[in-house]
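What follows is one structure encoded as structure tokens, with my remarks underneath.
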Amino acid sequence: MKSKLLVFVLFAASTAAFAQIPGGTWFASGGICFDNSKSTNPTFNGTDFTDLENSTTRFQLKLGAGYAFKENHAAGLGFGIDNTKNVNESLSQPGSVLVTSTNKTNSFFVAPFYRYYYFCAPQLAIIGQVHVPIVFSGGEQVTDFSDNTPSIRNESPGSFGIGGWLTPTFAWFPKNTWSLEASIGQVGFYNESYKDDNDNRHSDSDFTAKLWLFQPTLAFTYYFRSND
């Protein structure tokens with residue numbers, strides 16, 4: 001009985017260090033997201049079928065730093081880039097000329113955030129994070145033709161966006177100085193304003209809830225604990 005009690009006490013002592021983020025702790029984080037999807041659409045070109053491709057490639061880099069101002073409560077600032085490329089193929093009529101339309105969007109964002117850690121196991125925490133993304137975007141559209149028609153290139157008007165998101169995240173702490181985080185979705189609103197080709201300003205707002213259990217966004221976080 002004493003040996004079982006001793007094991008329990010040692011286990012509790014060994015896991016207590018993981019069960020909180022002490023006030024006064026600084027941390028830095030980083031994450032990369034890459035996604036590529038492609039589909040084909042068999043289309044009759046007048047003599048036979050041609051496989052037309054549609055593809056989307058996205059690369060996102062996120063960096064951030066924060067400070068735990070109270071046990072398990074932290075605030076900080078995130079920033080990064082988000083680049084998306086969409087390629088769509090189609091056939092023009094008449095002549096069945098292959099038309100390839102490429103849209104590129106390049107974004108830079110900053111996002112102040114607040115997060116709360118809830119430790120549901122010795123090395124596992126659920127993080128509720130609220131962040132306010134501020135996004136500046138631009139891009140271009142290029143249309144290429146399979147015949148001798150010159151390419152068409154148009155610069156996309158710049159846009160400005162701001163929103164508010166709640167992001168649930170799981171964090172695993174192999175050591176008390178670092179963690180691996182997986183964000184599984186987000187819920188919130190986003191407003192974007194932009195100008196059209198005639199220099200008229202437009203604004204779009206939406207409220208969305210997204211869940212990506214099978215493609216989580218991963219990040220690494222290092223904690224500068226005072227006892228390191």
Side-chain angles (χ1 to χ4, degrees), residues 30-63 78-111 131 133-163 165 167 182-219:
I32 294 177
C33 177
F34 178 81
D35 182 58
N36 179 262
S37 61
K38 181 182 295 185
S39 63
T40 57
N41 179 28
T43 303
F44 188 68
N45 63 10
T47 57
D48 55 11
F49 283 89
T50 300
D51 287 335
L52 301 180
E53 290 189 356
N54 298 315
S55 65
T56 299
T57 303
R58 184 184 183 189
F59 173 79
Q60 186 180 68
L61 172 65
K62 292 182 177 181
L63 301 173
F79 57 94
I81 59 174
D82 192 346
N83 298 332
T84 303
K85 178 181 178 181
N86 295 306
V87 179
N88 298 300
E89 293 182 343
S90 61
L91 293 176
S92 66
Q93 297 295 334
S96 297
V97 175
L98 178 64
V99 181
T100 303
S101 178
T102 304
N103 291 282
K104 296 180 180 179
T105 302
N106 302 316
S107 302
F108 171 78
F109 62 88
V110 294
H131 60 282
I134 303 170
V135 185
F136 304 89
S137 300
E140 65 175 2
Q141 180 181 24
V142 180
T143 305
D144 297 311
F145 305 88
S146 61
D147 59 5
N148 294 325
T149 303
S151 299
I152 301 174
R153 183 182 299 270
N154 293 312
E155 294 290 334
S156 301
S159 65
F160 171 79
I162 186 170
W165 296 101
T167 305
S183 301
I184 59 172
Q186 62 184 18
V187 57
F189 73 93
Y190 186 74
N191 176 270
E192 182 179 28
S193 61
Y194 58 93
K195 290 184 178 181
D196 59 20
D197 295 335
N198 297 319
D199 207 33
N200 297 315
R201 181 162 292 278
H202 301 271
S203 180
D204 296 327
S205 300
D206 64 342
F207 179 88
T208 57
K210 302 177 182 179
L211 190 65
W212 46 78
L213 292 175
F214 300 105
Q215 289 183 318
T217 301
L218 303 179

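Just the heavy atoms: all of them, side chains too, but no hydrogens, waters or symmetry mates, feed the values below.
Two residues are said to be in side-chain contact when any heavy atoms from C-beta on lie closer than 4.5 Å; Glu53 and Val87 fail this criterion. When side chains are defined from C-beta on, Arg58 counts as touching Asp82, because their heavy atoms get closer than 4.5 Å. In this structure the side chain of Tyr190 never reaches within 4.5 angstrom of the side chain of Asp204, judged on heavy atoms. Under the 4.5 Å side-chain criterion, counting only non-hydrogen atoms from C-beta, Asn106 is not in contact with Ile81. For the pair Gln141 and Ser101, the minimum side-chain heavy-atom distance is below 4.5 Å. Taking the side chain as every heavy atom from C-beta outward, Phe109 and Lys62 approach each other to under 4.5 Å.
Residues passing the ring pair (Phe, Tyr, Trp, His ring centres under 6.0 Å) test with Phe136 are Phe160, sequence neighbours excluded.
Asn54 and Glu89 make their closest contact through OD1-N, 3.6 Å (heavy atoms, listed as atom of the first residue, atom of the second, distance). Taking all atoms of both residues into account, the shortest heavy-atom contact from Ser203 to Asn191 is OG-ND2, 3.1 Å. The shortest heavy-atom contact between Leu63 and Gly30 is CD2-CA, 4.0 Å. The two residues Ser107 and Ser137 make their nearest non-hydrogen contact at OG-OG, 2.6 Å.
Here the CG-OG distance, from Leu218 to Ser183, works out to 8.5 Å after rounding to the nearest 0.5 Å. The CG atom of Leu211 sits 11.0 Å away from the CD atom of Gln186 when rounded to the nearest 0.5 Å. Summarising the geometry, atom OG1 belonging to Thr100 is positioned 9.5 Å from atom CZ belonging to Phe145; distances are rounded to the nearest 0.5 Å. Taken from CG in Leu61 to CG in Asn83, the straight-line distance is 9.5 Å, to the nearest 0.5 Å. The distance from atom CD of Gln60 to atom CD1 of Ile32, rounded to the nearest 0.5 Å, is 10.5 Å. Taken from OG1 in Thr102 to CG in Asn86, the straight-line distance is 9.0 Å, to the nearest 0.5 Å.
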Quiz item: Do Asp206 and Thr208 pass the side-chain hydrogen bond (donor to acceptor under 3.5 Å, both in side chains) test, and can you show the C-alpha distance, the side-chain angles, and the key distance before you say yes or no?
Solution: CA-CA 6 Å; Asp206 64 342; Thr208 57; 4.9 Å; no
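Between the Ser159 side chain and the Tyr194 main chain, no donor and acceptor come within less than 3.5 Å of each other.
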